[in-house]
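None of these values were measured; they are calculated from a predicted model.
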Amino acid sequence: MEEPGQLKRALIDSTAGAVAGAISRTVTSPLDVIKIRFQVQLEPTTSWALLSENMHTASKYNGMLQATKDIFREEGLPGFWRGNVPALLMVMPYTAIQFTVLHKLKTFAAGSSKTENHINLSPYLSYMSGALAGCAATVGSYPFDLLRTILASQGEPKVYPTMRSAFVDIVRTRGFRGLYAGLSPTLVEIIPYAGLQFGTYDTFKRWTRAWNQSRSSSSSTGTDDSPSSFQLFLCGIASGTCAKLVCHPLDVVKKRFQIEGLQRHPKYGARVEHRAYKNMLDGLRRILQSEGWAGLYKGIVPSTVKAAPAGAVTFVVYEFASDWLESILT
């Protein structure tokens with residue numbers, strides 16, 4: 001197949017990335033909403049933690065199943081897709097920028113824009129390319145991430161009925177800098193997260209191809225060594241899970257910065273006061289002091305359950321969309 005030009009290659013990567021991100025985000029939105037509700041809740045999120053701290057007033061959410069039932073009872077099915085519009089507006093440019101920059105960096109490192117040549121890059125270059133691509137995508141799409149978090153965490157009654165009202169109020173009360181609240185911990189989080197996600201995905205993909213080669217050589221069938229759709233899916237699950245388990249505490253701090261000062265109904269528990277944390281390290285320290293290690297891993301169950309299929313769907317859809325667009329445009 002003819003190697004596409006730079007403009008066509010960028011169009012393929014950005015379009016495939018946007019489609020992959022949109023499908024992945026919509027499919028996993030319910031788990032994302034539950035995760036955010038846990039992360040912004042200052043009270044313990046498990047019944048065991050409530051008992052160990054001798055707390056007599058129950059937390060709003062104290063388990064994934066209980067949270068699912070409560071959200072459904074109080075907000076209906078649409079509650080699980082609350083904030084999905086700004087989430088899509090965030091994730092589509094995010095994944096478009098991410099995959100475009102990623103492919104550019106890999107092309108520069110490999111000396112070829114062909115995807116099959118990128119698989120042979122060293123793990124170090126794969127991790128570095130993923131980290132840099134994640135940083136570029138984060139800066140380009142961050143305000144939508146902040147709006148998504150606020151709309152998904154506010155519960156009922158709503159503080160902001162629409163994305164526009166949230167945007168206007170944030171700019172009015174916090175200025176345009178308010179749209180980038182929590183950017184520092186986000187960038188600190190995204191460097192290891194994106195590096196791990198893309199680096200481990202390439203590593204697992206390389207291992208899968210080597211395993212396929214060993215099988216085909218032993219059976220002498222001469223079949224294609226490229227990973228199957230199911231194998232790509234498993235690689236995506238493994239990479240998403242690894243990245244999320246390592247980086248979750250930074251995601252919790254980011255969410256606290258994003259919703260600081262947000263007025264919510266008292267039934268959702270204590271709110272995060274304005275300027276509650278001086279910086280990322282102070283946020284980690286204060287959460288650790290007041291909520292323990294469990295506080296840094298609030299929402300880890302829905303987050304991990306979400307990260308696995310989200311990563312898998314993103315990578316599989318991207319690979320298929322990229323191959324399909326490449327076959328059309330070249």
Discussion item. If the threshold is 4.0 Å, N to carboxylate O, is there a salt bridge linking E291 and R256?
Written reply: yes

Fill in: Check: G17 main-chain N/O paired with T95 side-chain donor or acceptor under 3.5 Å
yes

Discussion item. Please give me the minimum heavy-atom distance between T208 and P227, naming the atom from each residue.
Written reply: CG2-CB, 4.0 Å

Item to complete: Would you give the length of the straight line joining atom CG of L284 to atom CG of L296, rounded to the nearest 0.5 angstrom?
Response: 6.0 Å

Worksheet item: Ignoring hydrogens and geometry, is there a side-chain-to-backbone donor-acceptor pair from K106 to S129 under 3.5 Å?
Response: no

Discussion item. Has S214 got a side-chain atom pairing as donor or acceptor with W211's backbone, closer than 3.5 angstrom?
Written reply: yes

Worksheet item: For the atom pair NZ (K35) and NE2 (H248), what is the distance rounded to the nearest 0.5 Å?
Response: 7.0 Å

Fill in: Listed partners of R73 passing salt bridge (charged side-chain N to carboxylate O under 4.0 Å, His left out), at least two apart
D70

Worksheet item: Considering all heavy atoms of both residues, which atom of A133 and which atom of V101 are nearest to each other, and what is their separation?
Response: CA-CG1, 3.8 Å

Discussion item. One pair to check against side-chain contact (heavy atoms from CB on, under 4.5 Å): R9 and S322. What are the steps and the verdict?
Written reply: CA-CA 9 Å; R9 186 69 254 179; S322 178; 3.2 Å; yes

Worksheet item: Between D13 and K104, is there a salt bridge with N-O shorter than 4.0 Å?
Response: no

Worksheet item: Using the ring of each side chain (for Trp, its six-membered ring), is F38 parallel, tilted or perpendicular to Y61, with breaks at 30° and 60°?
Response: perpendicular

Worksheet item: Given the rule in the side-chain contact (heavy atoms from CB on, under 4.5 Å) test, do K244 and K306 qualify, once you have shown the distances and angles that lead to the verdict?
Response: CA-CA 10 Å; K244 182 54 66 178; K306 172 216 162 192; 5.8 Å; no

Item to complete: Can you see which heavy atom on L325 is nearest to which on A16, and at what distance?
Response: CD1-N, 4.0 Å

Worksheet item: Hey, mind stepping through R285 and D282 against side-chain contact (heavy atoms from CB on, under 4.5 Å) and telling me if it holds?
Response: CA-CA 5 Å; R285 182 178 61 81; D282 182 58; 2.6 Å; yes

Fill in: Non-hydrogen atoms of R25 and A87 that approach each other most closely
CD-CB, 3.8 Å

Worksheet item: Using 30° and 60° as the class limits, which term best fits the ring planes of Y318 and F99: parallel, tilted or perpendicular?
Response: parallel

Worksheet item: Would you say S228's side chain and Q231's backbone share a donor-acceptor pair under 3.5 angstrom?
Response: yes

Discussion item. Is any side-chain heavy atom of L147 closer than 4.5 Å to one of I170?
Written reply: yes

Worksheet item: Do T26 side-chain atoms and I23 backbone N/O form a donor-acceptor pair below 3.5 Å?
Response: no

Worksheet item: More than 12 heavy atoms of other residues, nucleotides or ligands under 6.0 Å from CG of L7: is that the case?
Response: no

Worksheet, complete the sentence: Of all heavy-atom pairs linking I259 and S153, the shortest is CG2-OG, 3.4 Å

Practice prompt. Assign the ring pair W207 / F204 to parallel, tilted or perpendicular, where the plane angle (0 to 90°) is split at 30° and 60°.
Written response: perpendicular

Worksheet item: How long is the gap from OG1 on T68 to CD on Q66, to the nearest 0.5 Å?
Response: 8.5 Å

Discussion item. So Q39 and Q258, do their side chains get closer than 4.5 Å, heavy atoms only?
Written reply: no

Worksheet item: For R148 and I36, what are the C-alpha separation, side-chain angles and deciding distance, and is it a side-chain contact (heavy atoms from CB on, under 4.5 Å)?
Response: CA-CA 10 Å; R148 178 279 308 254; I36 290 173; 3.9 Å; yes

Fill in: Within 6.0 angstrom of M128 CE, more than 12 heavy atoms from elsewhere
no

Worksheet entry | Any donor-acceptor N/O pair, S327 side chain to W324 backbone, under 3.5 Å | yes

Discussion item. Looking at every non-hydrogen atom in both residues, tell me the closest pair between G182 and Y142 and how far apart they are.
Written reply: C-OH, 3.1 Å

Worksheet item: Do the ring planes of F176 and F167 sit parallel (below 30°), tilted (30 to 60°) or perpendicular (above 60°)?
Response: perpendicular

Item to complete: Determine whether K254 and M280 make a side-chain contact, defined as any pair of heavy atoms from C-beta on separated by less than 4.5 Å.
Response: no

Fill in: Pairs involving residues 166-194, ordered by first then second residue, that meet side-chain hydrogen bond (donor to acceptor under 3.5 Å, both in side chains) (sequence neighbours left out)
Y160-D169, D169-R172

Practice prompt. Using atom types as modelled and distance alone, determine if a side-chain donor or acceptor of S239 lies under 3.5 Å from a backbone N or O of L196.
Written response: no

Worksheet item: Under 3.5 Å, is there a donor-acceptor pair between the side chain of T15 and the main chain of I12?
Response: no

Discussion item. Under 4.0 Å between a side-chain nitrogen and a carboxylate oxygen: does that hold for R206 and D202?
Written reply: no

